[in-house]
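Values below: every heavy atom of this structure, side chains too, minus hydrogens, waters and symmetry copies.
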Amino acid sequence: GLLERRRCRYFYTGRACCQMVEVLLAALILVCSSVSGGSVGGYTGLPAMGGIYYYQYGGAYSGFSGADGERAQQLDQRFYQLKLPIARAAMAVGGCLLVFPCVLILVGVLRTVPWHFPAWLLIECTLEIVIAVGTVPALYYFFCSLLRIYNSSVCKEREQLYQSKGYQGFWCSLHGAEIAVGLLGCAAAMAYLLSAGLAVREYRKVHEQKQKPIQF
């Protein structure tokens with residue numbers, strides 16, 4: 001079958017398994033980041049209310065009247081603009097984390113690169129360690145930025161306005177998708193560290209095999 005071909009045997013290795021896990025985690029980070037910045041959230045969020053028409057024609061603000069409705073729209077827009085940069089940054093990081101293991105899988109499938117250029121395995125190990133270590137300050141910046149937004153006057157006023165009308169879901173606190181980004185980021189860092197260790201082991205294996213005399 002297809003997986004019995006020589007190049008496809010790479011998918012049976014521990015490195016390939018770690019890299020496929022990295023692809024999955026990066027995809028989930030990308031999705032959760034887009035959820036965090038994709039809507040204004042709560043009662044007025046497009047996914048929750050079933051369509052753009054309901055939102056566009058004012059149904060999402062049916063509980064408001066006059067100046068309160070206009071103020072709610074303004075606060076939603078300002079809150080969305082505050083969250084947009086950090087959401088885009090998280091999506092960009094998730095996209096990079098998605099591409100990198102795909103490249104490593106492609107190189108691993110070729111198999112000739114690690115054999116003719118064993119230093120590639122050390123480069124791969126170094127890059128994976130850098131990514132794993134860099135994930136920690138990236139997550140710290142992500143959550144600090146979100147907490148600063150949730151502690152802003154815009155978020156507090158928006159929360160009070162919606163609560164005064166009896167609407168729920170507008171609390172100035174982290175929601176599930178943002179917490180998931182943190183957990184997935186930690187899992188991705190662990191996967192990269194494990195993959196780096198496997199790359200070092202593969203380098204030693206290749207080095208030992210190349211040191212063996214050729215038998216005729």
Side-chain angles (χ1 to χ4, degrees), residues 1-39 41 47 83-146 174-207 209:
L2 178 64
L3 293 181
E4 292 178 359
R5 296 180 181 178
R6 183 176 180 181
R7 288 183 177 179
C8 292
R9 293 176 184 173
Y10 176 73
F11 292 104
Y12 291 102
T13 64
R15 284 174 58 224
C17 291
C18 285
Q19 290 161 3
M20 288 186 285
V21 170
E22 292 164 7
V23 171
L24 176 61
L25 293 174
L28 292 175
I29 290 174
L30 186 60
V31 171
C32 292
S33 301
S34 64
V35 170
S36 175
S39 67
K83 291 188 69 177
L84 188 59
I86 186 62
R88 285 181 174 176
M91 291 172 64
V93 172
C96 293
L97 293 179
L98 183 62
V99 172
F100 180 69
C102 290
V103 174
L104 296 183
I105 291 174
L106 179 61
V107 174
V109 169
L110 295 177
R111 297 184 69 87
T112 56
V113 175
W115 177 257
H116 295 289
F117 186 58
W120 164 258
L121 294 170
L122 297 180
I123 296 175
E124 176 182 325
C125 173
T126 303
L127 292 176
E128 289 173 336
I129 292 176
V130 170
I131 292 175
V133 174
T135 301
V136 177
L139 289 176
Y140 177 79
Y141 173 77
F142 176 75
F143 284 111
C144 284
S145 299
L146 287 177
L174 299 173
H175 59 70
E178 294 162 350
I179 296 174
V181 170
L183 296 176
L184 292 169
C186 293
M190 295 176 62
Y192 274 106
L193 290 176
L194 179 58
S195 182
L198 293 175
V200 172
R201 189 180 69 174
E202 184 69 16
Y203 172 80
R204 292 177 178 176
K205 182 178 178 181
V206 171
H207 183 72
Q209 289 180 351

When every non-hydrogen atom of Gly185 is compared with those of Thr135, the smallest separation belongs to O-CG2, 3.5 Å
Do Ile105 and Val23 have side-chain heavy atoms sitting under 4.5 Å apart? yes
Distance in Å, Ile131 CD1 paired with Thr126 OG1, rounded so as to fall on 0.5 Å steps: 11.0 Å
Looking at CG of Leu184 and CG of Leu139, how far apart are the two atoms once the value is rounded to the nearest 0.5 Å? 10.0 Å
Spacing of Leu183 atom CG and Leu25 atom CG [to the nearest 0.5 Å]: 11.0 Å
May I ask you to say whether Glu128 pairs ionically with Arg15, meaning some side-chain N is under 4.0 Å from a carboxylate O? no
Interatomic distance, CG@Leu121 vs CD@Glu202, rounded to 0.5 Å, equals 6.0 Å
Over all atoms of both residues, closest heavy-atom pair of Leu98 and Ala27: CD1-N, 4.1 Å
To the nearest 0.5 Å, what is the distance between SG on Cys125 and CH2 on Trp120? 12.0 Å
So, the side chain of Ser195 versus the backbone of Ala191: is there a donor-acceptor pair under 3.5 Å, distance only? no
Do Val93 and Ile29 have side chains that approach each other closer than 4.5 Å (heavy atoms only, starting at C-beta)? no
Write down the atom of Cys18, the atom of Leu194, and the distance for their closest heavy-atom approach. SG-CD2, 3.5 Å
What closest approach, in Å, do Ala90 and Phe142 show between heavy atoms, and which atom pair accounts for it? CB-CE1, 3.8 Å
Do other residues, nucleotides or ligands put more than 12 heavy atoms under 6.0 Å from Met190 CE? no
Heavy-atom nearest pair, Leu30 first then Gly94, reads CD1-C, 4.5 Å
So Leu106 and Cys102, do their side chains get closer than 4.5 Å, heavy atoms only? no
Looking at NE2 of His175 and SG of Cys32, how far apart are the two atoms once the value is rounded to the nearest 0.5 Å? 9.5 Å
For a 4.5 angstrom cut-off between non-hydrogen side-chain atoms, does Val133 reach Tyr192? no
Looking only at non-hydrogen atoms, find the nearest pair between Glu22 and Pro101 and report the distance. OE1-CB, 3.5 Å
